[in-house]
Amino acid sequence: MKVGILGSGVVGQTLAGGFLKHGHEVMIGTRSPETLAEWSVAAGENADVGTVAGAASYGDILVLAVKGTAAMETLRSAGVDNLEGKTVIDATNPIADAPPENGVLKFFTSLDQSLMEQLQSAFPDAHFVKAFNSIGNALMVNPDLGGTRPTMFICGNDVGAKREVSEILDLFGFEVEDMGGAQAARAIEPLCILWCIPGFLHNRWTHAFKLLKG
Ligand SMILES: NC(=O)c1ccc[n+]([C@@H]2O[C@H](COP(=O)([O-])OP(=O)(O)OC[C@H]3O[C@@H](n4cnc5c(N)ncnc54)[C@H](OP(=O)(O)O)[C@@H]3O)[C@@H](O)[C@H]2O)c1
């Protein structure tokens, strides 16, 4: 599978590494491809770097891994035709520029509308699936948590896209909980706020969510 990753930050590079590890081909799309020349060489022959539009066109499946405030602009640069009919794994969080308060992040969205719903409504022909937003980058690929598979909460409107992302998450070491349509991102995005609190307050960043079911 060819995976186009939009965003070259720690999440973009970590997920690119995960897809490469599992035998896929990857192109990272960034505003400044020249800064990733070293990464591209180190990552091997199945890895490439290009523009945002280049990676969006390359990928059979896409990953959105940019700063939340830049998500809409990045997808516009990707080009609407390059998104059409594709699964877009949305790892972003709508974190505001204001600093956290007592370890609690501030969002630029409300509880009545998530970032992913905004993206889905702006690009109706893309199939967004929220995933990877509420776990730290160090635990995104086959995390070692003493034999426990952590839960990844996902949501999205397209059943086929969610099936595709669930298979990827299984490969990456997660148990998947499908929370329904895009509206459920109103609940999944704020899990990032909760996940970050122990980090900001106690410098603990190595936990993950697990849904226990009776
Ligand atoms: N860090 C984590 O552990 C973690 C965990 C879960 C979810 N997330 C979410 O994943 C996303 C990526 O996180 P990150 O930590 O890798 O990086 P980040 O610092 O949140 O974002 C940096 C990325 O945003 C892109 N970007 C595009 N337009 C931008 C603009 N106008 N201003 C600033 N940046 C712009 C940059 O792309 P270029 O490549 O073009 O520079 C860069 O790759 C975020 O939405 C974050 O909330 C992060």
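Whatever order the structure lists them in is the order used to number ligands and atoms, beginning at 1.
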Under 4.0 Å from a heavy atom of G68: which atoms of ligand 1 are those, numbered in the order shown and with their elements?
45 (O)
Provide the number and element of each atom of ligand 1 under 4.0 Å from a heavy atom of T74.
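Ligand 1 atoms under the 4.0 Å threshold to T74: 27 (C).
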Considering only protein heavy atoms, determine whether one is less than 4.0 Å from atom 19 (O) of ligand 1.
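Answer no: nothing from the protein, no heavy atom, is under 4.0 Å.
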Considering only non-hydrogen protein atoms, determine which one is nearest to [atom] and report residue, atom name and distance to 0.1 Å.
atom	result
atom 4 (C) of ligand 1	V11 CG2, 3.4 Å
atom 12 (C) of ligand 1	A65 O, 3.5 Å
atom 28 (N) of ligand 1	A70 CB, 3.1 Å

Check this for me, if you would: do D60 and K2 make a salt bridge, where the nitrogen-to-carboxylate-oxygen distance has to be below 4.0 angstrom?
no
Which is it for N133 and ligand 1 at heavy atoms under 4.0 Å: side chain, backbone, both or neither?
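For N133, the contact with ligand 1 is made by the backbone alone.
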Which atom of S40 lies closest to which atom of V49, heavy atoms considered:
CB-CG2, 3.7 Å
Assess the pair F174 and F153: is the distance between their ring centroids shorter than 6.0 Å?
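Centroid separation for F174 and F153: 6.0 Å or greater.
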Assert yes or no for the condition that the ring centre distance of F200 to W205 is strictly below 6.0 Å.
yes
Decide whether an N or O pair under 3.5 Å exists between [X] and ligand 1.
X	value
I95	no
K67	yes
S32	no

Check the surroundings of atom CD in E101: do more than 12 heavy atoms from other residues, nucleotides or ligands lie under 6.0 Å from it?
no
Examine ligand 1 and decide if any of its atoms is less than 4.0 Å from a heavy atom belonging to M140.
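Per 4.0 Å heavy-atom rule, M140 contacts ligand 1.
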Does some non-hydrogen atom of I135 fall short of 4.0 Å from ligand 1?
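Yes, that is the case, since the closest heavy atom of the residue is under 4.0 Å from the ligand.
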Do H24 and N46 have side chains that approach each other closer than 4.5 Å (heavy atoms only, starting at C-beta)?
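A side-chain contact under 4.5 Å is absent here.
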Heavy atoms, side chains only, cut-off 4.5 Å: are E84 and F123 in contact?
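Not touching, per the 4.5 Å side-chain cut-off.
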Are the side chain of S166 and the backbone of K162 linked by a donor-acceptor contact shorter than 3.5 Å?
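A pair under 3.5 Å: yes.
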